[in-house]
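A short write-up of the structure that comes next.
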Amino acid sequence: MALQSVKEQGSHDIILVIFGHMHKKLAYGGYRTMLVRGMDKTIYLNAAVVPRVIDLTINDSEGLCTKRNFTIVDLNHGQVERVAEAWVMVGEHAHDDVEETILYSA
């Protein structure tokens with residue numbers, strides 16, 4: 001209702017709505033859609049990823065590191081240019097690897 005009210009007033013352009021509660025993997029099977037572009041060109045992004053942090057052991061000599069999830073949104077002049085989901089290795093002996101999945105590109 002709040003988004004509809006803002007749209008009806010015409011006071012602001014809504015280019016991006018970010019939320020996150022629903023898990024990526026659904027309880028009864030399958031996966032939910034993380035990003036939808038509405039007919040009004042508004043991008044709706046569900047950024048919830050569970051778990052967001054995964055503990056990893058590279059090997060016994062290198063110790064622990066974690067893999068952490070981020071959602072990256074690139075904006076340019078009030079427009080969404082790109083949305084990506086990224087997994088980053090973090091830790092003393094983590095590699096510089098970043099796994100990135102493009103969810104949207106203008």
Side-chain angles (χ1 to χ4, degrees):
M1 290 173 53
L3 292 174
Q4 186 62 36
S5 176
V6 170
K7 289 176 185 179
E8 287 172 0
Q9 291 174 16
S11 58
H12 294 81
D13 289 332
I14 301 172
I15 61 165
L16 177 66
V17 177
I18 302 173
F19 54 98
H21 181 74
M22 190 173 154
H23 296 188
K24 186 174 184 175
K25 187 173 182 183
L26 302 175
Y28 298 104
Y31 293 89
R32 57 113 170 116
T33 302
M34 288 185 72
L35 185 141
V36 173
R37 188 168 187 218
M39 293 184 70
D40 61 355
K41 299 194 180 2
T42 299
I43 294 174
Y44 298 88
L45 173 62
N46 185 341
V49 175
V50 176
R52 188 168 293 282
V53 177
I54 300 171
D55 290 327
L56 301 171
T57 301
I58 303 282
N59 64 44
D60 290 339
S61 66
E62 293 185 16
L64 292 175
C65 69
T66 58
K67 193 172 173 180
R68 297 174 182 251
N69 181 268
F70 297 89
T71 302
I72 302 165
V73 178
D74 294 332
L75 301 170
N76 187 16
H77 300 289
Q79 298 299 314
V80 178
E81 287 201 343
R82 183 175 163 275
V83 178
E85 176 185 22
W87 284 94
V88 179
M89 299 286 282
V90 177
E92 186 176 337
H93 299 287
H95 306 287
D96 292 336
D97 296 338
V98 175
E99 299 171 25
E100 189 173 86
T101 302
I102 305 297
L103 302 175
Y104 173 82
S105 181

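Reckoned from all heavy atoms, side chains included, excluding hydrogens, waters and symmetry mates. Along the sequence shown, residues are numbered consecutively beginning with 1.
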Exercise. Among the clusters formed by ILVMFWY side chains lying less than 4.5 Å apart, do I15 and F19 turn up in the same one?
Worked result: no
Exercise. Are V53 and M89 linked, directly or through other ILVMFWY residues, by side chains that come within less than 4.5 angstrom of each other?
Worked result: no
Exercise. Does M34 share a hydrophobic cluster with L16, counting links as ILVMFWY side-chain heavy atoms below 4.5 Å and allowing steps through other members?
Worked result: yes
Problem set entry | Joint hydrophobic cluster, Y104 plus L75, side-chain heavy atoms closer than 4.5 Å | yes
Problem set entry | Closest approach of A47 to R52 (non-hydrogen atoms, all atoms of both residues) | O-NH2, 2.9 Å
For this session: Apply side-chain contact (heavy atoms from CB on, under 4.5 Å) to Q9 and S5, showing your working.
Result: CA-CA 6 Å; Q9 291 174 16; S5 176; 3.3 Å; yes
For this session: Please name the pair of heavy atoms, one in L103 and one in L35, separated by the smallest distance, quoted to 0.1 Å.
Result: O-CD2, 4.1 Å
For this session: Report yes if the side chains of V88 and F70 come closer than 4.5 Å at any heavy-atom pair, otherwise no.
Result: yes
For this session: Check whether V83 and I14 end up in the same hydrophobic cluster, where Ile, Leu, Val, Met, Phe, Trp and Tyr are linked by side-chain heavy atoms less than 4.5 Å apart.
Result: no
Exercise. Out of curiosity, E99 CD to N69 CG, how far, rounded to the nearest 0.5 Å?
Worked result: 10.0 Å
Exercise. Is there a side-chain contact between R82 and I102 (heavy atoms, below 4.5 Å)?
Worked result: yes
Problem set entry | Residues which pass salt bridge (Lys or Arg N to Asp or Glu O under 4.0 Å) with D13, listed by chain and number, not counting sequence neighbours | none
For this session: List in chain and number order the residues that pass side chain to side chain donor-acceptor pair (under 3.5 Å) with D40, two or more places apart in sequence or in another chain; answer none if no residue qualifies.
Result: K7, T42
Exercise. Which atom pair, heavy atoms only, marks the closest approach of C65 to G91?
Worked result: CB-CA, 4.1 Å
Problem set entry | Pairwise side-chain contact, I72 with E100, heavy-atom cut-off 4.5 Å (strictly under) | yes
For this session: For R68 and V90, work out which heavy atoms get closest and say how close.
Result: CD-CG2, 3.7 Å
Exercise. How many angstroms lie between atom CD1 of I43 and atom CD of Q79, to the nearest 0.5 angstrom?
Worked result: 8.5 Å
Exercise. Any idea which heavy atoms bring T33 and N46 closest together, and the distance?
Worked result: O-CB, 4.5 Å
For this session: Quick one: pull up CD1 in I18 and OG1 in T71 and give me the separation to the nearest 0.5 Å.
Result: 8.0 Å
Seminar exercise, completed: Minimal heavy-atom distance between P51 and I54, with the atoms involved, is CG-CG1, 4.0 Å
For this session: Check the pair Y44, L3 against side-chain contact (heavy atoms from CB on, under 4.5 Å), reporting the backbone distance first and the verdict last.
Result: CA-CA 12 Å; Y44 298 88; L3 292 174; 4.1 Å; yes
